[in-house]
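Chain identifiers are assigned alphabetically (A, B, ...) following the order of the sequence lines, protein sequences preceding nucleic acid strands; residue numbering begins at 1 within each chain.
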Amino acid sequence: MSIEVRGIVKRFGSYTALDGVSLEVVPGELVALLGPSGSGKTSLLRIIAGLERPDAGTVHFHGEDATARDPKDRKVGFVFQHYALFGRMTVFENVAFGLRVKPRAIRPSEDRIREKVEELLHLVQLGWMQDRLPSELSGGQRQRVALARALAVEPKVLLLDEPFGSLDTKVRKELRRWLRRLHDEIRLTSLFVTHDQEEALEVADRVVLLHQGKVEQVGTPEEIFRAPASAFVSEFLEIRPAGG
Amino acid sequence: MIPGARAVSPAARWLLTGAALALVALFLLVPLTAVFIEAFRGGAAAWAAAVRQPDALAALRLTLLVAVIVVPANALFGLAAGWALGKFDFPGRSLLVTLIDLPFAVSPVVAGLVLVLLFGRTGLFGEWLARNGLKIVFAPPGIVLATLFVTFPFVARELIPLMRASGSEEEEAARVLGAGFFQTFFRVTLPNVKWALLYGLVLCSARAVGEFGAVSVVSGHIRGRTNTLPLEVEILYNEYQTQAAFAVASLLTGLALVALVAKAAARRFSPADAGKRENR
């Protein structure tokens with residue numbers, strides 16, 4: 001399913017976090033929303049998920065206007081920066097949550113839920129951890145539980161907020177390769193927020209560069225590298241040398 | 001260990017601990033024991049006779065009735081307040097948080113007087129109430145209202161800081177996963193605060209059972225009808241029925257002890273839960 005946002009404006013008091021942002025993610029694509037902190041990228045992701053209301057502009061899924069739709073009806077998977085796992089539920093129950101809260105008529109049977117959760121935990125390589133509590137897991141493991149939980153409801157799009165932000169460098173590199181492979185496998189339309197240009201360029205099909213609430217440049221990693229659209233882009237990409 | 005504790009010599013430490021324990025014994029344990037000694041001074045039969053007085057039983061019934069109404073009501077109000085003030089930011093929020101403490105700041109007698117001013121015969125709503133045959137002051141509804149006012153902060157004050165600290169991330173996650181408002185509340189929000197809620201409710205019920213000042217103003221002291229246990233104790237004591245007063249007081253103390261044990265149990269469970277919330 002495609003995501004399209006048009007002319008999104010979001011203000012917090014007198015501060016304008018997003019100033020007329022438009023972008024499109026085509027079905028099956030993995031797009032990075034890249035920008036320095038304060039560039040409005042998390043706000044945009046939250047608006048797409050319905051957790052935040054834009055002051056102006058629209059959000060479309062598959063060509064349909066979903067701006068007024070409740071988050072629970074948007075069929076998005078959301079992976080929070082700090083995972084937001086349910087601290088009192090086991091890994092299994094975390095992943096099963098989205099299935100258990102479905103209306104009775106379309107709720108899968110207990111057997112089917114178990115099957116599905118085990119399948120997902122296997123996919124994120126955590127099958128043997130299903131009875132643990134989130135507090136007993138490492139950061140990378142929590143991240144993967146959060147991903148499995150988001151995937152359980154079979155979302156049409158996947159939104160990830162700084163998915164590798166709070167992990168150490170080694171785990172981060174492993175996990176992002178793994179995410180890339182996973183994406184190649186399931187081909188789910190995905191948008192992820194990052195402030196790390198190396199991460200964006202390595203993982204994403206296309207990169208949307210945000211700066212002070214506006215889209216600075218959109219393109220494949222090569223395009224952006226070859227022809228930075230502004231002084232800001234070249235400066236931002238050179239702050240940390242590529243490949244460093 | 002407290003920083004600097006090592007600097008105190010063992011002798012001084014024992015002395016300080018001993019002094020503290022002696023104070024606790026003098027001001028807490030001795031009075032507590034005295035209540036039971038006085039209550040049973042005339043023997044178990046005299047105690048039972050005093051407690052089985054129709055007026056005493058009526059007072060016990062009224063006290064429990066008040067608690068049964070006030071405690072669930074406070075659970076509801078406290079959760080609503082904790083949720084609104086803990087999870088959301090809006091203009092006037094800090095004013096509301098301050099207002100929740102009002103019942104702690106205001107003397108209970110004043111709270112009772114306000115109820116009389118509002119609902120008494122010459123009060124603001126007095127005429128309307130009389131015309132409709134409703135009685136609030138000098139009747140159980142007034143006692144319930146007074147107790148509600150006095151006990152309101154207990155649950156809310158337990159929940160607000162906790163709900164504030166845990167933020168809204170889990171709730172947001174639940175919503176994105178397709179949970180509706182009530183599913184989110186019962187599956188995510190409530191389980192996260194259940195021990196704090198229980199703790200607040202125990203404190204609230206202890207106070208509801210023991211409240212004297214506010215209830216005293218609105219009750220009218222009609223024996224067998226509008227007397228709660230604390231009021232009954234006072235009347236008996238003023239009538240020089242010391243033994244009966246202490247017998248009824250021992251009932252009240254017994255209820256308080258039950259509440260204390262329940263509180264300790266709730267405390268025991270809540271830190272463990274807090275530990276599980278770490279590092280998230």
Side-chain angles (χ1 to χ4, degrees), chain A residues 12-13 45-46 48-52 69-90 93-104 106-107 132-139 142 145-146 148-155 157-161 166, chain B residues 79 82-84 86-94 158-159 161-199 265-280:
Chain A
F12 295 103
L45 204 68
R46 290 173 59 84
I48 295 173
L51 293 172
E52 212 89 62
R69 215 177 277 169
D70 195 86
K72 74 181 170 74
D73 303 320
R74 291 197 182 202
K75 295 194 178 352
V76 300
F78 199 103
V79 177
F80 291 80
Q81 181 172 7
H82 302 291
Y83 323 126
L85 295 177
F86 305 122
R88 275 154 211 277
M89 296 181 203
T90 61
E93 286 305 321
N94 263 279
V95 178
F97 185 90
L99 301 171
R100 292 203 194 286
V101 297
K102 278 183 191 287
R104 198 177 300 268
I106 56 165
R107 192 187 307 154
R132 302 273 183 99
L133 285 175
S135 55
E136 296 166 322
L137 307 184
S138 72
R142 282 179 213 182
V145 174
R149 181 179 70 175
L151 292 175
V153 288
E154 294 176 1
V157 303
L158 185 61
L159 307 171
L160 306 106
D161 188 6
S166 24
Chain B
L79 274 169
W83 186 72
K87 303 273 181 193
F88 298 95
D89 267 317
F90 50 89
R93 181 188 166 272
S94 51
E158 281 298 317
L159 294 185
L162 181 64
M163 287 176 129
R164 192 126 185 100
S166 62
S168 306
E169 270 213 324
E170 288 190 27
E171 279 83 2
E172 287 184 344
R175 280 172 68 200
V176 177
L177 286 167
F181 174 81
F182 287 103
Q183 286 175 316
T184 305
F185 181 77
F186 284 108
R187 286 170 183 263
V188 177
T189 309
L190 195 57
N192 277 342
V193 299
K194 65 178 173 205
W195 292 115
L197 174 65
L198 187 66
Y199 185 75
R267 257 284 140 92
R268 175 179 294 249
F269 283 110
S270 49
D273 279 332
K276 282 176 194 164
R277 276 200 306 275
E278 274 176 6
N279 306 321
R280 257 199 307 122

Side chain, backbone, both or neither: which part of [X] has a non-hydrogen atom closer than 4.5 Å to chain B?
X        : result
A:Ala150 : backbone
A:Val153 : side chain
A:Phe97  : side chain

(request) Could you tell me whether B:Phe90 atom CZ has more than 12 heavy atoms of other residues or ligands within 6.0 Å of it? (result) yes
(request) Mark yes when over 12 heavy atoms from residues, nucleotides or ligands other than A:Lys75 sit less than 6.0 Å from its NZ; otherwise mark no. (result) no
Which heavy atom of [X] sits nearest a heavy atom of [Y], and at what distance?
X        : Y        : answer
A:Pro71  : B:Arg175 : CG-NH2, 3.2 Å
B:Glu170 : A:Ala84  : CG-O, 4.2 Å
B:Ala173 : A:Arg149 : CB-NH2, 3.4 Å
B:Leu177 : A:Val101 : O-CG2, 3.9 Å

(message) Working to the nearest 0.5 angstrom, can you tell me the gap between A:Arg100 CZ and B:Gln183 CD?
(response) 12.5 Å
(request) Rounded to the nearest 0.5 Å, what's the gap from CD on B:Glu171 to CG on A:Leu51? Could you check? (result) 11.5 Å
(request) Not counting sequence neighbours, which residues clear salt bridge (Lys or Arg N to Asp or Glu O under 4.0 Å) with A:Arg46? List them please. (result) A:Glu52, B:Glu172
